[in-house]
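It should be emphasised that the depicted structure is a prediction, and the values quoted were computed from it without experimental measurement.
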Amino acid sequence: MKKIVIAVLCALSLLTTISGCQKSDDKPVATNDSAVNQTADDTTDKEAFDPYLIENVTSVPKKYIDKHNNVDYGTIDEDVKYYSETAQDYKMCNVLLPANYDKNEKYPVMYAIHGWGGDYTGQIHQDSYLQILYGNMLKDNLTVPMIIVSVDMYTDKLADKESKTEEELRLCYDKVIYDIRNDLMPFIENTYPIKTGRENTAIAGVSQGASESLATGFIHQDVIGYIASFAPDPGVIPTEFYKDTYWNWPVMDDFEITDGNEPYYLYLTVGDEDPWNVETTLYYGEVLTLNGIKNQTDLVKGYEHDGDFWRLGYYNYLGKIFK
């Protein structure tokens with residue numbers, strides 16, 4: 001979808017507070033110290049493993065992009081239907097089960113949210129980039145066995161979807177924040193062998209889905225322990241970006257941690273050639289840091305707002321969660 005580009009009113013000094021890095025096959029992302037200040041207690045079950053100490057890469061090795069004959073990419077339960085009280089209708093999701101899936105074992109779960117105009121099939125379908133990336137990484141023990149649920153962001157009466165204006169779609173998308181917690185998560189936990197608790201629950205999203213994942217992670221921080229937001233749109237907290245448009249409608253007043261529920265890993269990233277969301281992403285990272293919330297916010301050179309960048313974000317994220 002083509003967005004309206006308007007002048008950015010936020011101070012440009014924000015751009016200098018987050019470090020960037022050159023896209024290459026072997027050069028790691030330089031982590032900005034101000035973006036990872038830790039203020040919450042250090043006495044969690046995840047204390048032994050600190051994902052912030054592992055440098056992010058700026059290019060996914062080709063072997064993890066390509067499909068290989070000797071790799072088990074798991075299985076996909078497609079078009080899984082559940083009833084959403086939030087939508088007052090049935091919704092669907094796709095569920096990726098890892099290689100060597102055993103229903104007698106329990107697995108952590110990651111919820112993945114698509115971008116504007118997409119649906120639950122975009123990131124998880126047969127031979128999708130996320131299925132192949134995850135399968136390759138799992139084979140080389142770069143990540144852990146988990147169940148990945150591809151979320152449908154549209155949360156309203158399905159029959160009305162095609163008649164919605166873009167402003168109405170934005171409101172329907174925002175309702176996914178509550179659908180995930182109140183409807184989808186209980187369904188997944190009752191249907192699949194899921195490890196419960198925030199230490200076993202992650203969320204990630206791209207573009208508009210990145211905004212929803214960031215908001216969902218904070219609003220439901222008591223049950224979600226890992227948050228990733230890849231080139232998020234405005235609308236999470238108040239900003240001056242895209243002012244007086246539906247992109248600017250905030251769902252939260254500010255970023256706040258309650259009851260010691262700081263994320264085990266909070267990751268925001270954007271490509272420096274992204275035509276829409278560089279300033280927004282960096283602004284979120286700056287506010288998080290000013291609020292004393294530990295995060296990693298990366299500006300990566302040479303990437304736009306597309307599948308290549310989503311793959312990079314997931315590659316770094318999947319290597320750090322549930323460890």
Side-chain angles (χ1 to χ4, degrees), residues 1 73-98 101 107-135 146-164 166 168-192 194 201-217 220 224 226-233 305-307 309-311 313-314 317-318:
M1 187 205 102
Y73 292 99
T75 58
I76 299 174
D77 285 352
E78 297 184 321
D79 304 327
V80 177
K81 183 181 289 188
Y82 67 98
Y83 187 77
S84 169
E85 290 286 350
T86 308
Q88 289 294 291
D89 200 355
Y90 283 95
K91 290 185 63 176
M92 287 192 288
C93 61
N94 281 353
V95 180
L96 174 60
L97 306 175
Y101 172 74
Y107 299 86
V109 59
M110 181 183 80
Y111 296 90
I113 313 179
H114 61 85
W116 188 282
D119 62 25
Y120 67 95
T121 66
Q123 297 187 88
I124 296 293
H125 59 263
Q126 196 60 44
D127 295 338
S128 66
Y129 77 92
L130 185 51
Q131 181 193 22
I132 292 172
L133 175 71
Y134 173 65
M146 70 182 77
I147 291 174
I148 302 178
V149 180
S150 187
V151 180
D152 199 317
M153 191 162 48
Y154 180 79
T155 306
D156 205 276
K157 297 282 188 181
L158 187 59
D160 298 336
K161 184 176 181 180
E162 297 305 318
S163 66
K164 299 288 188 185
E166 290 188 342
E168 290 170 333
L169 272 179
R170 167 64 204 277
L171 294 174
C172 292
Y173 285 160
D174 286 346
K175 290 196 292 184
V176 78
I177 295 168
Y178 301 97
D179 168 72
I180 290 172
R181 169 68 183 268
N182 299 328
D183 304 303
L184 180 56
M185 287 179 66
F187 171 79
I188 293 296
E189 291 170 4
N190 288 330
T191 307
Y192 294 93
I194 296 297
T201 309
I203 194 164
V206 304
S207 194
Q208 181 63 39
S211 301
E212 306 299 352
S213 68
L214 187 57
T216 303
H220 305 305
I224 297 173
Y226 297 88
I227 305 170
S229 183
F230 309 143
D233 288 331
H305 196 89
D306 57 19
F309 189 66
W310 311 147
R311 184 187 288 111
Y314 277 114
Y317 189 54
L318 287 168

Are the side chains of [Y] and [X] in contact, using a 4.5 Å heavy-atom criterion?
{"X": "N94", "Y": "D77", "answer": "no"}
{"X": "Y192", "Y": "V80", "answer": "yes"}
{"X": "W310", "Y": "Y129", "answer": "yes"}
{"X": "Q123", "Y": "S128", "answer": "no"}
{"X": "V206", "Y": "I113", "answer": "no"}
{"X": "D79", "Y": "Y120", "answer": "yes"}
{"X": "I180", "Y": "I203", "answer": "yes"}
{"X": "Y73", "Y": "Q126", "answer": "no"}

For the atom pair [atom1] ([X]) and [atom2] ([Y]), what is the distance rounded to the nearest 0.5 Å?
{"X": "L318", "Y": "M110", "atom1": "CG", "atom2": "CE", "value": "5.0 Å"}
{"X": "T216", "Y": "I177", "atom1": "OG1", "atom2": "CD1", "value": "4.5 Å"}
{"X": "Y111", "Y": "I188", "atom1": "OH", "atom2": "CD1", "value": "5.5 Å"}
{"X": "N182", "Y": "T86", "atom1": "CG", "atom2": "OG1", "value": "5.0 Å"}
{"X": "S150", "Y": "M92", "atom1": "OG", "atom2": "CE", "value": "12.0 Å"}
{"X": "E166", "Y": "Y173", "atom1": "CD", "atom2": "OH", "value": "9.0 Å"}

Going through the distances and angles, do L97 and I76 end up as a side-chain contact (heavy atoms from CB on, under 4.5 Å)?
CA-CA 6 Å; L97 306 175; I76 299 174; over 6 Å; no
For the pair S229 (side chain) and A210 (backbone), establish whether a donor and an acceptor sit closer than 3.5 Å, ignoring hydrogens and angles.
yes
Short side-chain to backbone donor-acceptor contact, T155 and A87, under 3.5 Å
no
Have a look at R311 and tell me which of L133, D306, I132, L130 forms a side-chain contact (heavy atoms from CB on, under 4.5 Å) with it.
L133
Stepwise side-chain contact (heavy atoms from CB on, under 4.5 Å) test for M185 and V149
CA-CA 10 Å; M185 287 179 66; V149 180; over 6 Å; no
Check against side-chain contact (heavy atoms from CB on, under 4.5 Å), L184 and Y82
CA-CA 7 Å; L184 180 56; Y82 67 98; 3.6 Å; yes
Sorted by chain and number, sequence neighbours left out, side chain to side chain contact (heavy atoms under 4.5 Å, CB included) with K157 holds for Q88, D89, D160
So, using ring-ring contact (aromatic ring centres under 6.0 Å, His included) as the criterion, who are the partners of Y107 when residues are at least two apart?
Y101
Mind listing the closest non-hydrogen atom pair of [X] and [Y] along with its distance?
{"X": "M146", "Y": "Y134", "answer": "N-OH, 2.9 Å"}
{"X": "W116", "Y": "M153", "answer": "N-CE, 4.1 Å"}
{"X": "G115", "Y": "S207", "answer": "CA-CB, 4.3 Å"}

Suppose the criterion is salt bridge (charged side-chain N to carboxylate O under 4.0 Å, His left out): which pairs have a residue in residues 174-192, not counting sequence neighbours?
K91-D179, D156-K175, R170-D174, R181-D222
Before giving the answer on side-chain contact (heavy atoms from CB on, under 4.5 Å), spell out for L96 and I147 the whole-Å C-alpha distance, their side-chain angles and the decisive distance to 0.1 Å.
CA-CA 6 Å; L96 174 60; I147 291 174; over 6 Å; no
